[in-house]
A.B. asks: 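Sharing a structure here in structure tokens format.
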Amino acid sequence: MKTAKRFFCLEGIDGSGKTTQLDMLAAALEAEGYTVVKFREPGGAKISERIRELLLDPSFKGIMSDKAELLLYNAARAQVIKEVIQPALDAGKIVIADRFAWSTFAYQGYARGLGPEMVQRLTEMTCGDCFPELTVVMDISVERSRARTSKRGEAPDRLEQEKADFFERVRQGYLAAARDYPDCVAAINADRSAEEIQKELLALVKARLA
Ligand code: ADP
């Protein structure tokens with residue numbers, strides 16, 4: 001898989017701490033003089049945010065087909081690549097994504113059972129060479145992540161309404177990615193203090209910037 005320099009991604013199930021770590025990482029890199037562009041998937045551009053609304057709408061539970069879901073994620077991604085990611089990378093900026101193509105691999109390929117081949121073919125078409133040089137998977141048990149998100153008090157979206165065994169398959173999908181693609185995917189223990197996790201994450205990213 002061809003990857004784009006200075007393009008990083010954080011992955012993991014909800015409540016694994018992606019957003020927390022992404023904000024800390026962006027602040028640490030900006031303090032060192034880098035310009036950082038960050039966004040969350042699906043989203044990051046106007047069209048992609050509209051597609052996000054469709055994807056997360058709880059009223060489509062049991063209605064949206066697995067393939068429609070797969071294609072919508074890729075459509076949102078194609079747009080944010082063209083509008084945000086590629087221009088930022090061309091300008092020498094660092095791009096950090098809160099979720100990207102490995103989410104599709106883990107959720108649609110692994111947990112929904114569409115299989116890695118279909119996801120990979122589509123990912124190649126959607127991303128081309130615009131693929132993160134390093135993705136860090138925040139690994140945590142479903143139970144621990146749920147304990148964190150339940151404190152948020154928000155109504156769960158369509159994906160969040162899935163049962164624990166679905167998220168267990170997602171977790172296994174992420175771990176398989178880290179095992180099979182060690183050059184561009186690293187899994188780290190996310191069941192630690194935010195400071196400890198950040199230290200390891202920052203070291204992994206800086207090793208790629210050196
Ligand atoms: P995600 O973006 O993966 O869903 P968040 O960063 O939003 O995860 O974190 C989910 C919740 O867990 C938030 O309430 C956050 O404050 C809390 N949290 C994040 N990191 C940690 C950590 N290392 N230890 C304990 N709680 C955490």
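Atoms within a ligand are numbered from 1 in the order they appear, just like the ligands themselves.
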A.B. asks: Look at the side chain of Arg99 and the backbone N and O of Glu41, then say whether any donor-acceptor pair between them is shorter than 3.5 Å.
C.D. replies: no

A.B. asks: Answer yes or no: does an N/O atom from Arg192 fall short of 3.5 Å to an N/O atom of ligand 1?
C.D. replies: yes

A.B. asks: Provide, to 0.1 Å, the distance between atom 19 (C) of ligand 1 and the closest protein heavy atom, together with that atom's residue and name.
C.D. replies: Thr20 OG1, 3.3 Å

A.B. asks: Within 45 degrees of the axis of the six-membered ring of Phe100 and under 6.0 Å from its centre: does Arg77 put its NZ or CZ there?
C.D. replies: yes

A.B. asks: Could you check whether any heavy atom of Ser193 sits closer than 4.0 Å to an atom of ligand 1, since that is the contact criterion I want to use?
C.D. replies: yes

A.B. asks: Which of the numbered atoms in ligand 1 are below 4.0 angstrom from a heavy atom of Ile197?
C.D. replies: 23 (N)

A.B. asks: Do Asp98 and ligand 1 have an N or O pair less than 3.5 Å apart?
C.D. replies: no

A.B. asks: Just grab all the ring-ring contact (aromatic ring centres under 6.0 Å, His included) pairs involving residues 31-54, residues at least two apart or on different chains.
C.D. replies: none

A.B. asks: Does the side chain of Arg171 come under 3.5 Å of the side chain of Tyr110 through a donor N or O and an acceptor N or O?
C.D. replies: no

A.B. asks: Tell me whether Gly17 has any N or O atom under 3.5 angstrom from an N or O of ligand 1.
C.D. replies: yes

A.B. asks: Can Glu11 and Tyr174 be said to form a side chain to side chain donor-acceptor pair (under 3.5 Å), step by step?
C.D. replies: CA-CA 8 Å; Glu11 291 279 5; Tyr174 279 134; 2.7 Å; yes

A.B. asks: Looking only at N/O atoms, are Thr19 and ligand 1 under 3.5 Å apart anywhere?
C.D. replies: yes

A.B. asks: Is Ile13 close enough to touch ligand 1? Criterion: a residue heavy atom under 4.0 Å from a ligand atom.
C.D. replies: yes

A.B. asks: Atom CG in Leu71, atom CD1 in Ile51: separation rounded to 0.5 Å?
C.D. replies: 10.5 Å

A.B. asks: On a heavy-atom basis, I'd like to know which of Glu160, Arg148, Met24, Lys18 is closest to atom 12 (O) of ligand 1.
C.D. replies: Arg148

A.B. asks: Pairs under 3.5 angstrom only: tabulate donor-acceptor contacts from the side chains of residues 186-193 to other protein residues two or more places apart or in another chain.
C.D. replies:
from   : atom 1 : to     : atom 2 : distance (Å)
Asn189 : OD1    : Asp191 : N      : 2.9
Asp191 : OD1    : Arg144 : NE     : 3.2
Asp191 : OD1    : Arg144 : NH2    : 2.9
Asp191 : OD2    : Arg144 : NE     : 3.0
Arg192 : NE     : Asn189 : O      : 2.8
Arg192 : NH1    : Glu200 : OE1    : 3.4
Arg192 : NH2    : Asn189 : O      : 3.1
Arg192 : NH2    : Glu200 : OE1    : 2.6
Ser193 : OG     : Glu196 : N      : 3.2
Ser193 : OG     : Glu196 : OE1    : 3.2

A.B. asks: Any atom of ligand 1 sitting under 4.0 Å from a heavy atom of Asp14?
C.D. replies: yes

A.B. asks: For atom 7 (O) of ligand 1, what is the closest protein heavy atom, and at what distance to 0.1 Å?
C.D. replies: Arg152 NH2, 2.9 Å

A.B. asks: Quick one: does atom 21 (C) of ligand 1 have a protein heavy atom under 4.0 Å from it?
C.D. replies: yes

A.B. asks: Using 30° and 60° as the class boundaries, would you call the ring planes of Tyr181 and Trp102 parallel, tilted or perpendicular?
C.D. replies: tilted

